[in-house]
Amino acid sequence: MSLSPPAPSGAPVSGLPSPFSAPQAHPASRLYIPPAPHYEYTPLFIKFHAVYKPETHKQTNFNLMQTSLGQRVRTRFAPSPTGYLHVGGLRTALYNYLYARKAGGDFIVRIEDTDQARKVEGADKDLLKTLELSGIVPDESIEHGGNFGPYVQSQRLDIYKQYCQQLLEQNHAYYCFATAEELEENRQLQQKQGMQPKYNRKWLPQHMGGDMPQGEIQKKLDEGAPYVIRMKVPDYISIMFEDIVRGPVEFDSATVDDQVLMKSDGFPTYHFASVIDDHLMEITHIIRGEEWLSSMPKHLLLYEFFGWEPPKFAHLPLLLNPDRSKLSKRQGDVAVEDFLNKGYSSEAILNFVALLGWNEGEGTEQEIYSLDQLIEKFSLERVGKAGAVFNIDKLNWIEKQYIKDRPTEKIISVIKPLLQEELGKKETEMDTERIQSDEYLAQVIELMRERVNFESEFVTFCDYFYFDPEEYDPAAVKKRWKQDTNEVLAEFITVLEDTDDFSADNLEAVLKAFVEPREKKPAFLIHPLRILNSGVGFGPSLYHMLEVLGKQTVIRRLKKGLERNVSK
RNA sequence: GGCCCCAUCGUCUAGCGGUCCAGGACAUCGCCCUUUCACGGCGAAGGUCGCGGGUUCGAAUCCCGCUGGGGUCACCA
C-alpha cells in the first residue's frame, strides 16, 4: 500500500502558493499534501481586534462591558433542541444572563435546530421551561418575543441562503459535490497516514486556486446533483483573537478545514448560522463552553468575509466528571430536570453552578449568593480557566443552607401537595384536617428544618408526624430497651393520661418528676418514648415532638407499642 | 496523531513578585453543646503550589521546556 511521497511541487499554478493544487503522485485519491517547508506565512493577516489590553484587564468591569461601539450589551444562550437542559448548559446560560443583567442589557435564547435528524419534538419548549424553572428568564426567545426574531434557526433559512450567496459571489465559498463515502474514504486514508483529516479540495474551482474547471461544476449543478457549500479557508494565515477568559489565542489557518456552510438538505451548519444570527441579533458577547474554542478560526473568518465586527468572546471552562472528563450522563445526573425532580431548589442549583468556575475573589468567604447578588458581583474576568469537577457534596450542603433560611410559608406551599399525595396512599389514624393545617406544618418544619436535606423530606423523612409508625428500628430498640422498660412505660402512660398540659416544658417536668423517685435517668424513658412515637432512634427534641403530636396520638402510639411488645 | 486549552489540599477555590514554610469552603476525623439525630462552636488531618530549567536580592506568582489532563478535528451542535 504505499503512497508515494508528494512529488516536489512545481511552481504554484496561480499566484497563490496553494499546496492543494500541487500535482498528485498517486491516483488513488487526491490527498491533502502537507505544505512544503518554505511556505509563506503571513502572521496577523486578519486584523482581529484586541478586546482589551493587558493593562485595562485589571481595570473596572465597566470597560470590559462596553463594546467598542458603546452599544447595549446583548448575550445569548443557544441550545440545540435535542434533549434536556444539561447542567453545563445551565451554567452557560446563567453566566450569559448574569452578564447581560449586570450590564443592563438583554439576554436572548435562540434555538439552534439546524440538525433536523437530531431534533427532538418539544425539546425547545422544555429547555425554555426548565431554564425558567431554574430562575433564568430570557428577554427574547421563541416564547418571549423580541425585535430580532425569529428565534429559531429553522425559520431563518432564507437569511442564511442569502448570505451564503454573497460568499459564493465573493469567492469565499464554493460548491462541493463530494459524497459522504468519498469523504469518509479520504478521511481514513489521511488518518492512516497520521495526518489531520481534512477535505481535499477536489471541488475547489480553478478561479479560486483549485483545479476543478467551472464547466464541471456547472454540469453538476445543471444535473441537480446534491451539494454542500464550503467556505474557502485562506492558506497560511494566522488568526488570532483575545478571549476574555483565556487571553490571546492564535491559530494557523493551515490547520483549519474548509468548513461546510450549507448542508445538502439546505440547512446551514451551526458555524454558519450562529455567526449570522449573532451578528443580526446584535449579540455583543458570546459566552459559551470551551468546546467551541477550536472552531474560533472558522467563525472569525466568517466575520472577516462579511466585513462584520466580531463580538467579544469568552470561552468557559468545562464541567467535569469525577474522573475529569467532560461531564456526561454516564457518571450521574446531568439533566437540570433530574436535580429539580430530586428536590434540589433552583436557588441552590444556580448558586452551586455559579461557583463552578467563578468566584468573587480576594478575601471573600461568601458561599451563598442570591441571584441578585450574583448579578451584582459577577464578572467574566473572574471566571477561571481550568475545568471544574461537579461535586455533589457541595451542592447538598448549599441546598441545606437554603432550607435553613427559607420562609416557612414557602416550604408549606411546597409540602402541602406532597402531603396530600402521601395521605392518598395510606390511611392515617391522625386527624387529617389537623395534620394538613398550616399551623401544624409550621411546627413540623421548625422541628425538622435543620435535620432535612430536601424540602420533600418534610413529608417523606418525617412521616411519623402524619402516620403512626408500623415498624420500630430494631437496632434502636435493642440499644434502648432494658429489662423493665415496658413495665415503667406502662406506668408512665397512666401519668400521661392524667396530664392535660402537653407543652414541651410541662412534659419535661412531668417526665423528670416521674423518673426521679424510681431512680432512673430521663434517658431511660426518653429513648423508648421516641422510638414508639417515631419508629426511629433519632429526630428532634423529644418533648417538642410529643407536644406537636398531641396527647391523643402519643398515648395511642404508646399503647400500640406496648401491645406489640417491640423488644421481643 | 495535528491543532487548541488547562495544571494550588480528595473536590470547589483565594493568591496576580516579598506580608504565603499558601488562606477559605465542601467532604473526612476529633472535642464541646446535647436524651438521639441534626444545627452550631472549636480543633485536626490534608498541598515538596505537576516536574525541570531560567529571570530576580526574592517566584505558587514572570519566561522557556517537559510531563500530565482535557477539548476539538462531521453535510452534530
Side-chain angles (χ1 to χ4, degrees), chain A residues 34 57-58 78-82 112-115 117-118 176 178-180 183-184 187 190-191 193-199 226-230 243 245-246 249-252 254-257 259-271 273-274 289-297 315 317-318 320 322-326 352 355-367 384-398 400 404 448-453 476 479-480 508 511 521-527 529-531 534 536-543:
Chain A
H57 187 172
K58 289 183 192 170
S80 68
T82 52
E112 311 235 328
D113 61 344
T114 54
D115 186 344
R118 290 208 310 156
C176 170
T179 63
L183 293 171
E184 184 52 37
R187 226 190 323 271
Q190 289 168 336
Q191 241 151 13
Q193 292 195 318
M195 291 195 289
Q196 178 196 7
K198 227 174 142 183
Y199 175 56
Y227 62 83
V228 301
I229 295 170
R230 289 178 183 274
D243 189 277
V245 340
R246 275 150 224 287
V249 182
E250 185 174 356
F251 298 87
D252 182 342
T255 66
V256 182
D257 204 356
Q259 178 63 44
V260 170
L261 264 19
M262 292 297 268
K263 302 183 266 189
S264 55
D265 63 359
F267 277 74
T269 56
Y270 163 84
H271 303 283
S274 74
E290 193 192 334
E291 67 265 33
W292 295 109
L293 193 54
S294 30
S295 29
M296 276 307 285
H315 288 92
L318 260 20
L320 271 25
D323 70 358
R324 304 204 76 87
S325 59
K326 189 167 150 184
F352 172 60
L355 259 18
L356 251 27
W358 172 85
N359 74 85
E360 221 188 304
E362 192 76 77
T364 351
E365 289 180 13
Q366 189 172 348
E367 304 276 345
K385 300 183 221 259
V389 173
F390 189 93
N391 177 211
I392 198 86
D393 282 334
K394 185 82 170 248
L395 209 209
N396 290 337
W397 176 78
I398 291 176
K400 276 196 149 190
K404 267 203 293 189
M448 297 305 290
R449 198 184 266 285
E450 271 155 8
R451 290 165 235 265
V452 116
N453 297 300
K479 185 171 176 192
R480 304 300 186 184
E508 180 167 2
L511 185 136
K521 296 206 159 182
F524 180 86
L525 271 186
I526 284 175
H527 296 292
L529 285 170
R530 171 190 302 289
I531 293 166
S534 72
V536 292
F538 56 89
S541 148
L542 176 82
Y543 304 116

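From a predicted model like this one, the values you see are computed outputs, not experimental measurements. So that the names make sense, note that chain A is the first sequence line, chain B the second, and so on, each numbered from 1.
- Counting non-hydrogen atoms under 4.0 angstrom, A/K521 reaches nothing in the nucleic acid.
- As a whole-Å value, the separation of A/E365 CD from B/G15 C1' is 14 Å.
- In this structure B/C57 sits in a base pair with B/G18, meeting the Watson-Crick or G-U test at under 3.5 Å.
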- Message: Using the rule given for side-chain contact (heavy atoms from CB on, under 4.5 Å), can you reason through A/R451 versus A/F538, listing the C-alpha separation, both sets of side-chain angles and the distance that settles it, and then say yes or no?
- Response: CA-CA 10 Å; A/R451 290 165 235 265; A/F538 56 89; over 6 Å; no
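- Using a 4.0 Å heavy-atom cutoff across all strands shown, A/P540 reaches at least one base atom of the nucleic acid.
- Rounding to the nearest 0.5 Å gives a distance of 12.0 Å between CG of A/L261 and SG of A/C176.
- We find the CG-CZ distance between A/L511 and A/F524 to be 11.0 Å, quoted to the nearest 0.5 Å.
- Among the atoms of the strands shown, none is found under 4.0 Å from any heavy atom of A/G384.
- Between the C1' atoms of B/C21 and B/A60, the separation comes to 13 Å (whole Å).
- Applying the Watson-Crick and G-U wobble criteria (two distances, each under 3.5 Å), B/U11 pairs with B/A25.
- Taking the C1' atom of each, B/G65 and B/U28 are spaced 39 Å apart, rounded to whole Å.
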- Task: Take A/K479 and A/H527, measure what side-chain contact (heavy atoms from CB on, under 4.5 Å) needs, and give me the verdict at the end.
- Result: CA-CA 9 Å; A/K479 185 171 176 192; A/H527 296 292; over 6 Å; no
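- Look at CG on A/N396: it is 15 Å from C1' on B/A25, rounded to the nearest Å.
- Remark: the separation of the P atoms in B/G23 and B/G43 is 14 Å, to the nearest Å.
- Between the NZ atom of A/K385 and the C1' atom of B/C4 there is a distance of 14 Å, given to the nearest Å.
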Pairs under 3.5 angstrom, nitrogen or oxygen only, protein versus nucleotides 45-52 of chain B, please.
none

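- The closest side-chain heavy-atom distance from A/D115 to A/K263 is below 4.5 Å.
- Counting heavy atoms from C-beta on, the side chains of A/V245 and A/H315 never come closer than 4.5 Å.
- Nucleotides B/G24 and B/U8 place their C1' atoms 13 Å apart, quoted to the nearest Å.
- Across the P atoms, B/C33 and B/A27 are found 23 Å apart, a figure rounded to whole Å.
- For B/C57 and B/C31, the C1' atoms lie 46 Å apart once the distance is rounded to whole Å.
- Between the P atom of B/U13 and the CZ atom of A/F390 lies a distance of 13 Å, rounded to the nearest Å.
- Atoms CG and CG, from A/L318 and A/L293 in turn, are 10.5 Å apart once rounded to the nearest 0.5 Å.
- Looking at which nucleotide of RNA chain B each of A/I526 and A/P317 is closest to, the 5′-most match is held by A/P317.
- Separating the OH atom of A/Y543 from the P atom of B/U36 is a distance of 11 Å, rounded to the nearest angstrom.
- Across all strands shown, B/G1 is found opposite B/C73 as a Watson-Crick or G-U wobble partner, with both distances under 3.5 Å.
- Enclosure of atom OH in A/Y227 is not indicated, since only 12 or fewer non-hydrogen atoms of other residues, nucleotides or ligands lie within 6.0 angstrom.
- One atom, CG of A/L395, and another, C1' of B/C12, lie 12 Å apart when rounded to the nearest Å.
- A distance of 12.5 Å separates OG of A/S295 from CG of A/D257, quoted to the nearest 0.5 Å.
- When side chains are defined from C-beta on, A/R480 does not count as touching A/R530, because their heavy atoms never get closer than 4.5 Å.
- Pairing for B/G40 is with B/C32, a Watson-Crick or G-U wobble pair whose two hydrogen-bonding atom distances lie under 3.5 Å.
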- Once base and sugar-phosphate atoms are separated, protein heavy atoms under 4.0 Å mark nucleotides 70-77 of chain B, 5' to 3', with B, S and - as BSSSSBBB
Within the sub-3.5 Å range, which N or O atoms of nucleotides 59-67 of chain B have a protein N or O partner, and how far apart are they?
none

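- Taking atom C1' in both B/G47 and B/U56, one finds a spacing of 25 Å when rounded to whole Å.
- What separates CH2 of A/W397 from C1' of B/C12 is a distance of 11 Å, to the nearest Å.
- When the P atom of B/C9 is taken as reference, atom CG of A/N391 falls 14 Å away, rounded to whole Å.
- Taking atom P on both nucleotides, B/G50 is separated from B/G10 by 12 Å, rounded to a whole Å.
- In this model, a side-chain donor or acceptor of A/R451 finds a partner on the base of B/C37 within 3.5 Å.
- When the side-chain nitrogen and oxygen atoms of A/N359 are compared with OP1 and OP2 of B/A14, one or more of them lie within a distance under 4.0 Å.
- The distance from atom OG1 of A/T114 to atom OH of A/Y270, rounded to the nearest 0.5 Å, is 9.5 Å.
- When all heavy atoms are compared, the tightest approach of A/H271 to A/S274 is O-OG, 3.5 Å.
- Here the CG atom belonging to A/L320 is positioned 12.0 Å from the CG atom belonging to A/N391, to the nearest 0.5 angstrom.
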- Go through the steps for A/M296 and A/V249 under the test side-chain contact (heavy atoms from CB on, under 4.5 Å), then give the verdict. CA-CA 9 Å; A/M296 276 307 285; A/V249 182; over 6 Å; no
